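Data block below; observations after.
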Amino acid sequence: MQTSSEEARQAIITVLASIPCGYVCTYGTVAKLAGQPGKARLVGYILKHLPESSNIPWHRVINSQGLSSFPVDTDKYLLQISKLRSEGIRTSTGRISLKEYLWLAG
DNA sequence: CCTTTGACGCTTG
DNA sequence: ACAAGCGCCAAAG
């Protein structure tokens with residue numbers, strides 16, 4: 001089946017909405033789970049342009065280093081960390097343990 | 001049309 | 001552990 005960009009986008013949205021509370025997922029992993037390996041940047045683009053009505057848990061998506069993709073001194077960063085902490089994720093060091101919190105499909 | 005930019009990731013040295 | 005280079009896709013200039 002030919003994966004049109006439209007289908008790829010929808011697949012990524014579905015994966016994003018499926019990340020369970022208390023877990024996180026990296027951009028690259030989301031792309032891979034959506035059947036679009038290597039398209040991590042597309043995930044980032046979609047998240048940035050999310051409509052407000054969407055219930056996508058954007059805060060559960062971090063980069064492969066276990067860090068937030070936002071600069072530390074921004075509100076977005078603080079909001080993301082705050083949300084993750086409220087879900088029981090330990091972020092005392094500012095870094096999130098992927099070994100412990102990374103969500104894998106099934 | 002061509003070039004830059006961006007909520008990224010993997011490989012090498 | 002850290003930096004540089006390349007790949008990746010879509011939108012904006």
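Below, chain A is the first sequence line, B the second, and so on; all start at residue 1. This is a predicted model, so every value here is computed, not measured.
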Give one of base, sugar-phosphate or nothing for Ser68(A), where a contact means two heavy atoms less than 4.0 Å apart. nothing
Do Ile96(A) and Phe70(A) belong to the same hydrophobic cluster, where Ile, Leu, Val, Met, Phe, Trp and Tyr are linked whenever their side-chain heavy atoms lie under 4.5 Å apart, directly or via other members? no
Rounded to the Å, how far apart are Phe70(A) CZ and dG6(B) P? 14 Å
Take atom C1' in dC1(B) and the same atom in dA12(C), then report the distance between them in whole Å. 14 Å
Write down the distance separating the C1' atoms in dG6(B) and dG7(C), rounded off to the nearest Å. 15 Å
Nearest whole angstrom, please: distance from the P of dC8(B) to the CG of Leu16(A). 14 Å
Would you mind telling me which residue lines up with the more 5' stretch of DNA chain B, Ile62(A) or Leu42(A), judged by nearest nucleotide? Leu42(A)
Check the distance between dC8(B)'s P and Lys48(A)'s NZ and give it to me in whole angstrom. 10 Å
Give a yes or no on whether the backbone of Ala31(A) and the side-chain of Gln36(A) come within a donor-acceptor separation of less than 3.5 Å. no
So what does Tyr27(A) hit on the nucleic acid, given a heavy-atom distance under 4.0 Å: a base, only sugar-phosphate, or nothing? base
Using atom CZ of Arg41(A) as one end and atom P of dT5(B) as the other, report the distance to the nearest whole Å. 11 Å
Distance, rounded to the nearest Å, where Arg60(A) contributes CZ and dC8(B) contributes P: 20 Å
So, OP1 or OP2 of dC9(C): does either fall under 4.0 Å of a side-chain N or O from Ser5(A)? no
Closest contact, heavy atoms only, Tyr77(A) versus Pro71(A): CB-O, 3.2 Å
Measure the distance from CG on Leu98(A) to P on dC8(B) and round it to the nearest whole Å. 15 Å
Apply side-chain contact (heavy atoms from CB on, under 4.5 Å) to Ile62(A) and Leu98(A), showing your working. CA-CA 10 Å; Ile62(A) 58 180; Leu98(A) 295 179; 3.7 Å; yes
Counting distance only, does the side-chain N/O of Tyr23(A) pair as donor-acceptor with the main-chain N or O of Arg60(A) below 3.5 Å? no
When rounded to whole Å, the OH to C1' distance for the pair Tyr45(A) and dC8(C) reads 15 Å
Is there a side-chain polar atom (N or O) of Ser64(A) under 4.0 Å from OP1 or OP2 of dG9(B)? yes
Let me know the distance between CG of Leu47(A) and P of dC9(C), rounded to the nearest Å. 18 Å
